[in-house]
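Before we start, here is the structure in question, set down as structure tokens.
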Amino acid sequence: MILRFLVFFCIVFLGNALSDEVIEEIKAIKQLESQIIEANNFLNNPNNLWLKKYSNYEAYQQAIFNVMQTQNEIELLEKKPKTIEIQNQLNLLERNLTALEQQKEVLGIYKDSPFRELTEAKKLEEAPNVTNLLLTARAYSYIKKIDAELTALQNNYQRLQENLKYLKQKDEALSALLEIYNTTPHLDKLKNVCQSDYCMFPNREEISKAYQANNNALTILETTQVVFGTTLEIFAKEMEETKTRLKLQIKEQFIKGIYICITILVLIGIAFSIKLGVRKYIHDNERIYTTNKIINFLNITLIVLILLFAYLDNVSYLVTVLGFASAGLAIAMKDLFMSILGWIVIVVGGCVHAGDRIKVIKEGAVYIGDVLDISVLRITLYEDITLTTYKENRRAGRIIFIPNNFVFTTMFSNYTHGGMKTVWDGIDFTITFGSNHERACHIARECAKKYAKGYTESTRKQFIKMRDRFSLRNTNVEPRVFSLLEPNGIRISVWYLTNAYATLALRSSISAEIIDEILNQPDIQIAYPSTTIYEGRHNQPSHINENEPFKNTPLKSDGAIPPQNFF
């Protein structure tokens with residue numbers, strides 16, 4: 001402020017002594033000074049990337065010039081006599097040359113295109129081809145990247161235009177200063193009035209040097225603007241075309257997805273309606289379960305086929321891929337494919353249904369239970385308390401998973417196939433040879449009839465229904481009793497029909513009833529493990545029950561017969 005006041009004071013005080021022409025030239029110089037200062041403030045901003053890149057380019061050019069100049073100086077010194085002073089200068093110049101060459105190598109990236117980072121777009125990945133709804137997210141992300149990159153380039157171009165504006169402003173101001181310097185007849189008066197502290201009036205060499213440097217920067221940036229403008233225009237058009245194409249593809253996929261969703265909902269509605277009809281007109285739970293499974297399978301298959309044909313561009317390519325894939329998978333996943341094939345056999349053949357009681361033997365392990373579910377890969381079995389679990393497993397209540405491929409390699413036993421709900425079960429007991437075996441057979445038959453009467457009648461009715469489907473020869477459903485001669489007595493075997501799901505319970509009831517009846521018969525004795533011991537020479541047998549406490553009776557050792565064990 002003080003300097004400007006002094007200028008104003010000098011102008012007013014010397015106004016009478018100076019001509020109007022000099023005053024106007026001083027005003028013009030001050031105006032040009034303010035324009036140059038304004039331009040320098042913008043151009044020398046640390047955040048001005050364009051001028052930073054240009055300064056690096058200038059530094060590279062200066063490094064080249066310094067290298068060449070140093071090399072020339074070294075060549076000249078090498079031609080002179082090798083004195084100590086000359087040698088020291090050579091060593092110093094060689095060290096400088098090494099440093100300059102390193103500087104030149106570092107700045108080499110600015111050799112041809114110093115503004116590449118500002119004028120070229122980042123390399124984007126290939127634009128996606130939106131063929132399904134999942135790719136729409138990728139397409140939106142790609143559009144976002146395009147917009148961000150285009151915005152960055154446009155901002156760089158705008159900054160370039162601003163730099164050119166101030167470079168032109170500075171160029172015009174410096175040119176005007178040179179013109180004033182060269183044409184004014186009052187140069188000495190102007191120098192006296194415009195002091196360096198408050199008025200810019202350097203010598204001709206400084207102005208010319210600044211003008212030349214500014215003109216070089218202006219020329220390079222103007223050339224860059226032409227190339228950058230063309231590149232930006234082409235890039236903007238290409239990106240706009242890509243964005244338009246992606247938006248159209250996204251719109252098509254949304255419309256296509258809506259149609260597919262409607263089709264799938266219609267298929268689900270049809271399947272649900274069919275299931276309701278099945279429940280209304282079919283009263284057999286097994287058939288309802290099987291039908292629902294088939295409906296679900298067909299429905300899922302149709303949905304998968306719709307999705308495949310909707311989003312697969314080349315069906316023949318899928319067939320080829322599946323052909324090669326299936327060949328490898330058939331070997332690597334043999335059990336999986338066999339399970340799927342087994343599921344088809346089970347569902348179509350009807351050998352096993354949900355709710356059936358089956359028996360499976362695998363590597364010596366026996367599992368008996370009720371089928372909870374038949375999926376594509378396995379049968380889910382609930383292990384119930386049965387005679388097998390009582391005698392062998394001593395465990396029950398487990399969930400057993402049986403792969404469907406077992407239907408080809410393992411023996412299955414179905415206790416409830418073809419509508420049958422009953423199975424034959426038997427109870428065996430042994431009586432002594434002196435017992436009334438006819439009476440024992442009668443007791444066994446009557447007890448079996450008493451408890452198995454309901455199952456006998458239901459089985460007779462089921463056999464009548466099964467004659468149309470199977471060849472049945474022996475349809476006798478009455479309890480059967482057999483008396484068989486065994487080494488340790490007469491074995492009575494009674495067979496009766498019982499519920500397949502409650503075999504053990506009925507066996508327990510009939511066994512208790514037979515025991516109670518036989519204990520009331522004096523002429524029937526149940527044979528059980530016992531030992532006959534002969535003492536001394538009299539050969540008098542003595543029967544000892546193994547379940548009773550042994551009496552410590554002295555025995556004679558001479559002529560004793562070895563004990564005989566029998567049942």
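Nothing here was measured: the structure is a model prediction, and the numbers come from that model.
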Point-to-point distance, once rounded to the nearest 0.5 Å, from CG of N292 to CZ of R279: 5.5 Å
Salt bridge (charged side-chain N to carboxylate O under 4.0 Å, His left out) for K165 and E162? Distances and angles first, verdict last. CA-CA 5 Å; K165 171 187 172 184; E162 292 176 354; over 6 Å; no
Polar side-chain atom of N404 near backbone of S375 as donor-acceptor pair, under 3.5 Å: yes
At what distance, to the nearest 0.5 angstrom, does CD of Q169 lie from CG of L174? 10.5 Å
Would you say the side chain of T380 lies within less than 4.5 Å of the side chain of V371, judging by non-hydrogen atoms? no
Apply side-chain contact (heavy atoms from CB on, under 4.5 Å) to the pair Y415 and D356, showing each step before the final yes or no. CA-CA 7 Å; Y415 291 77; D356 286 352; over 6 Å; no
Hey, can you pull the donor-acceptor pairs under 3.5 Å for the side chains in residues 261-276, sequence neighbours left out?
residue	atom	partner	partner atom	Å
T263	OG1	Y259	O	2.8
S273	OG	G269	O	2.9
K275	NZ	N296	OD1	2.5

Report yes if the side chains of C351 and I346 come closer than 4.5 Å at any heavy-atom pair, otherwise no. yes
Could you tell me if the side chain of V345 sits less than 4.5 Å from the side chain of F408, heavy atoms only? yes
Hey, is the main chain of V130 close enough, under 3.5 Å, to the side chain of Q249 for a donor-acceptor pair? yes
Before you tell me yes or no, could you show the steps for W343 and I374 under side-chain contact (heavy atoms from CB on, under 4.5 Å), namely the whole-Å CA-CA distance, both residues' side-chain angles and the distance that decides it to 0.1 Å? CA-CA 8 Å; W343 175 76; I374 304 175; 3.8 Å; yes
So if I apply the side chain to side chain contact (heavy atoms under 4.5 Å, CB included) rule between I303 and each of I306, I300, N299, which one comes out positive? N299
Can you name the nearest heavy-atom pair linking L150 to F235, along with the distance? CD1-CD2, 3.8 Å
Residue pair T70 / N96, side-chain donor-acceptor N/O under 3.5 Å: no
In this structure, CG of D147 is separated from NZ of K144 (nearest 0.5 Å) by 10.0 Å
Separation between NZ of K52 and CG of N48, rounded to the nearest 0.5 Å: 8.5 Å
For D384, is there an ion pair with R357 - N to carboxylate O distance below 4.0 angstrom? yes
Verify the neighbour count for atom CD1 of I295: are there more than 12 heavy atoms of other residues, nucleotides or ligands below 6.0 Å? yes
CD/Q154 to CG/L232 distance, rounded to the nearest 0.5 angstrom? 6.0 Å
Given side chains that start at C-beta, do those of K359 and T386 come closer than 4.5 Å, heavy atoms only? no
Can you tell if the side chain of I255 reaches within under 4.5 Å of the side chain of E252, non-hydrogen atoms only? no
Heavy-atom closest contact (V407 atom, G342 atom, distance): CG1-CA, 4.0 Å
Side chains of Y367 and R398: does their closest heavy-atom pair fall under 4.5 Å? yes
Which pairs of donor and acceptor atoms, one on a side chain in residues 213-227, lie under 3.5 Å apart (sequence neighbours left out)?
residue	atom	partner	partner atom	Å
N214	ND2	L167	O	3.0
N216	OD1	Q212	NE2	3.2
N216	ND2	Q212	O	3.3
T219	OG1	N215	O	2.8
T223	OG1	T219	O	2.9
T224	OG1	I220	O	2.8

If you look at every heavy atom in I143 and K247, which pair is closest and at what distance? CD1-CG, 4.1 Å
Quick one: does any side-chain atom of S141 pair with a main-chain N or O of A137 as donor and acceptor, under 3.5 Å? no
Apply side-chain contact (heavy atoms from CB on, under 4.5 Å) to V352 and I358, showing your working. CA-CA 8 Å; V352 180; I358 63 173; 4.2 Å; yes
What is the ring orientation for F42 with Y166, classed by angle as parallel under 30°, tilted 30 to 60°, or perpendicular over 60°? parallel
Closest heavy-atom pair and its distance - Y142, L246: CD2-CD1, 3.7 Å
With a 4.5 Å heavy-atom cut-off, do F228 and L160 have their side chains touching? yes
N/O donor-acceptor pair under 3.5 Å between D370 side chain and G355 backbone: no
So, taking the atom named CD in E172 and the one named OH in Y211, what distance separates them when rounded to the nearest 0.5 Å? 10.0 Å
For residues L372 and L381, determine if any side-chain heavy atom of one lies less than 4.5 Å from a side-chain heavy atom of the other. no
Quick check: closest heavy atoms across T242 and A127, and the distance to 0.1 Å? CG2-CB, 3.8 Å
Tell me, with the steps shown, if E383 and T389 meet side-chain contact (heavy atoms from CB on, under 4.5 Å). CA-CA 9 Å; E383 187 182 28; T389 57; 3.8 Å; yes
Might you point out which heavy atoms bring I402 and F406 nearest each other, and give the distance in Å? CG2-CD2, 3.7 Å
Centroid-to-centroid, W50 to Y157, below 6.0 Å? no
Would you mind checking if E233 and K237 are paired as a salt bridge, meaning a charged N to carboxylate O distance below 4.0 Å? yes
